[in-house]
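For reference, the structure discussed in these notes is given below.
Along the sequence shown, residues carry numbers from 1. Everything quoted here is computed from the prediction, not taken from an experiment.
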Amino acid sequence: MKVLVPVKRVVDYNVKVRVKADETDVDLANVKMSMNPFDEIAVEEAVRLKEKGIVTEVVAVTCGLAACQDTLRSAMAMGADRGILIESSIELQPLAVAKLLKSICEMEAPSMVICGKQAIDDDSNQTGQMLAALLDWPQATFASKVELAGDKIIVTREIDGGLETLSMALPAVVTTDLRLNEPRYATLPNIMKAKKKPLDTIAAESLGVDTAPRLKTIKVSEPPRRAGGVKVADVADLLNKLRNEAKVI
Ligand code: AMP
């Protein structure tokens with residue numbers, strides 16, 4: 001069974017994001033980029049399924065600039081067998097990515113796509129759902145547990161107030177939630193081995209997909225600065241301020 005894992009190159013989650021002076025976008029100059037954390041969880045899950053003997057091949061796919069090859073190498077260092085870069089120099093929004101991934105699914109015929117629930121740069125939480133719709137495959141989002149049972153996949157999802165368990169026929173799309181697993185660190189020998197794993201590059205234009213952006217960013221701005229706090233004399237003073245100034249009780 002083949003699993004496809006879409007991985008996105010995003011600003012590292014430890015970086016304090018800065019906004020460009022003209023407020024058109026986030027400033028990416030000299031900023032550390034890494035694999036989207038939810039995609040690390042997706043790669044980990046696919047590799048664990050391979051280690052259990054359920055999956056035979058894990059293919060990592062990324063859409064974007066040539067620099068995204070780094071992200072594929074990181075996925076391969078974690079255990080993915082090969083990588084595919086769908087190269088594009090234009091801004092790719094979730095619908096465009098979903099269409100490109102659909103083309104790759106038609107070429108590669110995976111039994112499952114495991115992607116992150118959201119990319120931490122655009123916070124869209126759309127690509128997996130759109131891909132499932134375009135392919136007309138069942139989907140289970142926000143997975144906290146994934147099990148294979150014959151030709152079915154059983155996915156436990158985190159929902160408000162509890163857990164929901166779904167059974168779906170394959171092929172299917174799964175998106176990962178934070179508690180699905182704890183991704184491994186790539187070891188140095190595996191980072192070295194990953195450099196020799198196959199990495200194919202496909203030009204996005206060659207897939208005949210309309211990737212034109214549908215959304216226009218009007219403005220990107222910093223959140224308002226937090227105002228300083230005040231010291232209260234005692235509990236009575238605190239209650240008085242909450243009641244009469246903040247009006248929250
Ligand atoms: P989003 O809908 O942008 O929040 O992204 C959800 C998931 O879709 C991510 O966690 C990735 O698994 C996948 N994805 C989004 N953009 C890309 C991209 N450019 N290349 C590969 N995978 C992507």
Considering residues at least two apart in sequence or located in another chain, which fulfil the side chain to side chain contact (heavy atoms under 4.5 Å, CB included) criterion with [X]?
| X | value |
| --- | --- |
| Lys50 | Val55, Val58, Asp81 |
| Asp27 | Arg18, Lys20, Ala29 |
| Ile218 | none |
| Ala143 | Val146, Val155, Val174 |

Distance in Å, [X] [atom1] paired with [Y] [atom2], rounded so as to fall on 0.5 Å steps:
| X | Y | atom1 | atom2 | answer |
| --- | --- | --- | --- | --- |
| Thr156 | Leu163 | OG1 | CG | 6.5 Å |
| Ser111 | Glu57 | OG | CD | 11.0 Å |
| Leu238 | Lys231 | CG | NZ | 14.0 Å |
| Glu108 | Leu101 | CD | CG | 11.5 Å |

Can you name the nearest heavy-atom pair linking [X] to [Y], along with the distance?
| X | Y | answer |
| --- | --- | --- |
| Thr24 | Thr217 | O-CG2, 4.2 Å |
| Ala98 | Leu131 | O-CD1, 3.5 Å |
| Gly128 | Thr175 | CA-CG2, 4.1 Å |
| Met78 | Pro183 | CE-CB, 4.0 Å |
| Pro213 | Glu91 | CG-O, 4.0 Å |
| Ala46 | Val3 | CB-CG1, 4.0 Å |

Are [X] and [Y] in one and the same hydrophobic cluster, where Ile, Leu, Val, Met, Phe, Trp and Tyr link if side-chain heavy atoms are under 4.5 Å apart?
| X | Y | result |
| --- | --- | --- |
| Val59 | Ile86 | yes |
| Leu134 | Ile202 | no |
| Ile114 | Leu170 | yes |
| Leu95 | Leu207 | no |
| Ile120 | Val97 | no |

Just do the side-chain contact (heavy atoms from CB on, under 4.5 Å) check on Val220 and Val26 with the steps written out, would you?
CA-CA 7 Å; Val220 177; Val26 162; 4.3 Å; yes
List the steps, then state whether side-chain contact (heavy atoms from CB on, under 4.5 Å) holds for Phe142 with Ile159.
CA-CA 8 Å; Phe142 316 141; Ile159 56 168; over 6 Å; no
Between Glu44 and Asn181, a side-chain donor and acceptor under 3.5 Å:
no
Tell me whether [X] contacts the main-chain N or O of [Y] through its side chain, where contact means a donor paired with an acceptor under 3.5 Å.
| X | Y | result |
| --- | --- | --- |
| Glu158 | Asp177 | no |
| Asp39 | Lys8 | yes |
| Thr62 | Val7 | yes |
| Lys196 | Lys193 | no |
| Ser124 | Gln126 | no |

Check whether any side-chain heavy atom of [X] sits under 4.5 Å from a side-chain heavy atom of [Y], and report yes or no.
| X | Y | answer |
| --- | --- | --- |
| Lys247 | Arg243 | no |
| Leu65 | Glu87 | no |
| Pro110 | Cys105 | yes |
| Arg73 | Ile191 | no |
| Asp70 | Met33 | no |
| Leu49 | Met112 | yes |
| Ile84 | Arg82 | yes |
| Asp121 | Val11 | no |

Above 12 or not: heavy atoms from other molecules or residues under 6.0 Å from CD of Glu222?
yes
For Met192, does the CE atom sit with more than 12 other heavy atoms under 6.0 Å from it, leaving out its own atoms?
no
Mind jotting down which residue pairs meet the side chain to side chain donor-acceptor pair (under 3.5 Å) criterion with at least one end in residues 137-153? Sequence neighbours excluded, please.
Thr141-Arg157
Could I get the full list of salt bridge (Lys or Arg N to Asp or Glu O under 4.0 Å) partners for Asp210, not counting sequence neighbours?
Arg214
Take Met1 and Leu148 through the side-chain contact (heavy atoms from CB on, under 4.5 Å) test and state the conclusion after the steps.
CA-CA 11 Å; Met1 179 194 291; Leu148 271 294; 3.7 Å; yes
Just to verify, which of Thr176, Asp123, Asn125, Thr127 counts as forming a side-chain hydrogen bond (donor to acceptor under 3.5 Å, both in side chains) with Gln118?
Asp123
So, are Arg184 and Glu40 salt-bridged, with charged N and O less than 4.0 Å apart?
no
Chi angles and distances behind the side-chain contact (heavy atoms from CB on, under 4.5 Å) call for Val10, Ser34
CA-CA 6 Å; Val10 297; Ser34 300; 5.6 Å; no
